[in-house]
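For reference, the structure discussed in these notes is given below.
Just so it is clear, the values below take in all heavy atoms, side chains as well, and ignore hydrogens, waters and symmetry mates. Residues: numbered from 1 along the sequence shown. All figures in this text were calculated on a predicted structure; none of them were measured in a lab.
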Amino acid sequence: MKIKFIFFAAFLFCQISFAQKKDTTAVNKLSEVVVTGQFEPQSIKKSVFNVRVISKEDIKQLAANNLADVLNQYLNITIRNSGSDGRSTVSMFGLDSQYFKILIDNIPLVSDTGMGTNVDLTQVNLDDVERIEIIEGSMGVTHGANAVSGILNIITKKGGGYRWQISTTVQEETVGNEYALFNKGRHIQSAKIAHNFNENWFVNIGGNRNDFAGFYDNMKGKDYAMNNGLRGYKWLPKDQLVGNGLLGYQKGNFKIFYKFDYYGEDVHFYNPILIPQDNYPFPETYYANDKRFITNRFYHHLNSNGKLFSKLNYNVSLSHQKQERDLERFNYQMETGKEFDNKRQTYQSKEVFYSTGTLSNFFNSKKVDFQLGYEITNENGFYDATAGTFKDDQQQLKDIRKRLENYDIFTVAEVNLTDKFSIRPGLRYSIQSNFDNQYASSLGLRYIFKQGLETRASMGKSYRTPNFDELYTYFVDSNHNVQGNPDLVPENSTSYELSFKRSCQLRSGAQISNNVAFTFMSVDDRIDMVLTQIVPSLSYRYVNINAYKMWNASTTEQYSYKNWNVKIGAALVGISRKLDLAALNLTTDDKYLYSFQLNSSISYNIPKWNTLVALYYKYNGQQQQFVAGTDTDGSAKFFLNEIKPYSWMDASVRKLFFKNQFEVMVGARNLFNITDVQSVRNGGGSTGGAHGSTSSDLMLGYGRSYFIKLTYNLNFN
């Protein structure tokens with residue numbers, strides 16, 4: 001670890017020194033416009049927040065179809081995959097997806113158990129995306145509950161510069177070394193039509209189909225008829241269908257649009273255990289109890305923004321979202337390959353009515369601006385008893401139907417004391433239907449020094465409300481005792497960030513930008529599922545008990561010269577999680593455990609060939625955390641769990657033909673052929689000795705994969 005500290009410190013020092021030694025002939029005027037956390041769209045340089053942007057060029061070069069394809073390459077983010085239900089979620093700064101909020105055009109995206117949180121990244125399609133904006137740290141004032149570790153805002157495309165725009169794409173991809181035209185690999189097709197009726201009206205319509213045939217690895221697929229545990233898939237097959245449409249109108253300062261999205265998904269689970277059937281006098285036959293997860297999501301968003309009374313700027317959004325997750329159980333006859341006894345019912349659903357709006361520009365002054373806003377959320381959630389996790393204290397299955405509501409008001413002021421110095425305080429008050437009323441606060445500072453050095457500092461207080469599972473789970477039988485806790489209270493977080501950024505253009509024409517950031521975050525009353533008793537059986541319950549602290553130092557540098565574009569970044573994260581099992585008189589220390597990440601990308605444009613070559617790389621260092629378990633003698637104990645380091649690399653080559661109308665891209669994902677990463681529990685556990693270690697594998701990828709993507713674009717007036 002000392003070597004990593006020395007390397008990181010040296011790298012950070014070199015970045016700052018390099019920026020100081022270069023003579024700036026002209027400050028690079030950033031034309032990039034951001035909207036997340038702003039009063040109105042403005043250049044990234046004027047933003048008080050340190051906004052990170054993933055451009056549509058990066059999305060295109062990665063041939064990314066969903067959000068998981070992109071975030072694999074982002075610093076401070078780790079993707080968690082599940083082989084039981086096919087979901088992929090995000091972890092930032094060691095906090096899971098319940099603390100990270102995902103929005104589309106500033107509207108939180110509904111998920112099975114959250115509003116903007118716990119989102120399955122593979123269910124977020126990127127066909128219609130202009131860019132992705134990320135702000136790290138607590139953003140509770142502007143984005144409400146659960147914006148603790150950060151927010152990600154997907155900005156979709158709105159209209160275009162041509163009267164007609166038509167685009168079609170076909171993408172074929174191997175899954176590891178597995179590929180066949182119909183039953184192996186990944187097969188993607190998409191189409192989009194955009195039309196500007198006149199200078200005021202425009203419409204976009206699009207659709208996407210993603211057929212992921214699963215990853216076998218050492219498994220044998222659904223038709224494997226031997227009862228040795230090898231039937232099925234390591235990565236579950238899934239079929240995804242996306243449809244979207246947008247109708248917009250703008251005239252002068254008035255803009256309005258309505259956006260509709262539909263998402264449908266089937267995830268197929270094939271049981272490795274076969275059930276024999278007597279077929280005397282012939283050999284016995286086999287069938288399996290299989291299941292299918294079926295998701296349908298409908299998203300409606302109506303937005304209007306413009307001016308009131310020729311002065312005030314307003315921006316109002318109304319949204320209705322509904323997501324249902326059905327479980328279809330069926331038997332699969334091995335000899336015939338046919339399904340029978342199919343039974344389907346909805347076991348999870350969430351319907352949300354959401355609205356947010358702001359008023360700003362109260363003063364006729366460039367020195368002072370003031371924003372007043374509101375947010376209303378009405379969530380109606382449902383878990384069917386067949387989910388298997390909700391029972392009453394009489395062991396009877398029961399359905400859970402709950403409504404969660406919050407009514408928030410927030411205010412933000414932005415004071416430009418000089419052209420170089422800005423202050424931005426903010427406050428939110430949230431009226432909660434199920435919890436005590438909450439508040440969030442923030443303070444942002446921005447100062448621009450000579451020679452273009454931008455300095456930003458921010459402080460934010462936010463909160464996370466307990467989710468459905470934490471509140472209402474009651475799963476108790478002879479083998480399990482896991483209980484939710486309806487008396488849970490929201491967690492509270494505080495974060496601080498200090499960042500330095502400098503962009504300059506050298507006499508040679510090269511452009512250089514540096515961004516160095518330091519972050520500290522703490523979470524109090526953190527909810528964890530803790531071991532409450534050992535005998536007569538292991539019992540777990542969700543409680544507000546633990547504390548969490550994190551500090552992060554990160555740096556990124558971008559260098560552009562002629563046809564070259566190079567980016568490199570590094571992050572060092574220290575996490576302190578104090579676990580306290582008061583009922584068992586056990587506690588951990590609060591020492592920091594460290595991990596290191598490095599990412600980089602390089603691209604080269606060959607104008608003569610109309611070709612762009614790109615390479616992306618990310619190194620994820622060892623991660624550690626304490627976990628509770630039982631020793632070989634049955635006593636409770638904490639163990640240090642380690643996730644081994646690994647690297648990820650993607651590459652692509654893109655070439656344009658026929659006056660840039662036809663685009664061909666070929667590339668590879670996961671060049672290091674990673675499938676699993678080893679997780680080691682030091683100190684033993686229920687399956688190891690008191691001074692030994694046990695290990696398991698975490699799903700990470702499906703091996704080295706190759707793709708070809710063909711796109712045809714037709715634009716005309």
Side-chain angles (χ1 to χ4, degrees), residues 11-34 43-45 51-64 70 73-75 129-133 161 448 450-454 500-516 554-570 598-619 648-669 671 709 711 713 715:
F11 184 74
L12 199 64
F13 176 77
C14 289
Q15 295 248 44
I16 298 173
S17 299
F18 180 76
Q20 290 175 338
K21 290 179 180 178
K22 293 293 181 181
D23 292 329
T24 303
T25 57
V27 175
N28 183 26
K29 295 181 180 179
L30 297 176
S31 60
E32 194 165 34
V33 173
V34 294
S43 74
I44 195 170
K45 185 175 182 178
V51 184
R52 286 82 164 176
V53 177
I54 300 175
S55 68
K56 63 179 178 181
E57 189 65 24
D58 281 324
I59 297 172
K60 183 180 291 187
Q61 282 301 121
L62 288 165
V70 170
Q73 295 291 345
Y74 191 86
L75 276 182
V129 172
E130 179 68 25
R131 68 187 180 278
I132 297 171
E133 299 176 0
I448 301 178
K450 294 180 179 179
Q451 297 182 334
L453 177 62
E454 306 168 25
F500 304 90
K501 183 177 181 179
R502 188 171 185 227
S503 302
C504 59
Q505 183 170 320
L506 306 182
R507 293 186 180 92
S508 63
Q511 293 184 341
I512 302 173
S513 65
N514 308 85
N515 194 333
V516 179
S554 64
T555 178
T556 58
E557 179 177 320
Q558 181 172 351
Y559 175 81
S560 300
Y561 179 65
K562 294 184 177 178
N563 300 318
W564 289 94
N565 195 313
V566 179
K567 298 179 185 178
I568 186 169
L598 175 72
N599 74 347
S600 62
S601 67
I602 181 170
S603 64
Y604 180 67
N605 183 31
I606 310 173
K608 183 178 179 180
W609 297 349
N610 213 2
T611 300
L612 185 65
V613 181
L615 183 70
Y616 292 82
Y617 170 77
K618 183 180 178 185
Y619 169 79
W648 192 277
M649 180 177 285
D650 300 328
S652 67
V653 179
R654 179 162 53 114
K655 181 172 175 58
L656 299 173
F657 298 89
F658 310 124
K659 298 180 180 180
N660 298 337
Q661 290 184 345
F662 186 60
E663 181 180 297
V664 178
M665 180 183 292
V666 295
R669 304 188 199 277
L671 284 168
K709 182 178 181 180
T711 301
N713 297 300
N715 303 322

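The structure places CG of D650 at 11.0 Å from OG of S601, a figure rounded to the nearest 0.5 Å. Separation of atoms CD (E663) and CG (N713) is listed at 6.5 Å; rounding is to 0.5 Å. Atom CG in L506 sits 9.0 Å away from atom CD in Q511 (nearest 0.5 Å). Note that CE of M649 is 9.0 Å distant from CD of Q73, once rounded to the nearest 0.5 Å. Remark: I59 CD1 to I54 CD1 distance equals 7.0 Å, nearest 0.5 Å. Note that the NZ atom of K60 and the CG atom of L612 stand 10.0 Å from one another [nearest 0.5 Å].
Every side-chain contact (heavy atoms from CB on, under 4.5 Å) that V653 has, sequence neighbours left out, goes to T611, V613, V666.
Checked by atom type and distance alone, the side chain of R654 never pairs as donor or acceptor with a backbone atom of A614 at under 3.5 Å. Between the side chain of S503 and the backbone N or O of S513, no donor-acceptor pair lies under 3.5 Å. K567 contributes no side-chain N or O that, together with a main-chain N or O of T556, makes up a donor-acceptor pair within less than 3.5 Å.
Looking at T555 and I568, their side chains never come closer than 4.5 Å, going by heavy atoms from C-beta outward. Annotation: side chain of T711 is not in contact with side chain of M665 (no heavy-atom distance under 4.5 Å). K56 is not listed as a side-chain neighbour of R131, based on a closest heavy-atom distance of 4.5 Å or more.
Within 6.0 Å of atom NZ in K655, more than 12 heavy atoms from other residues, nucleotides or ligands are found, so the atom counts as buried in its surroundings.
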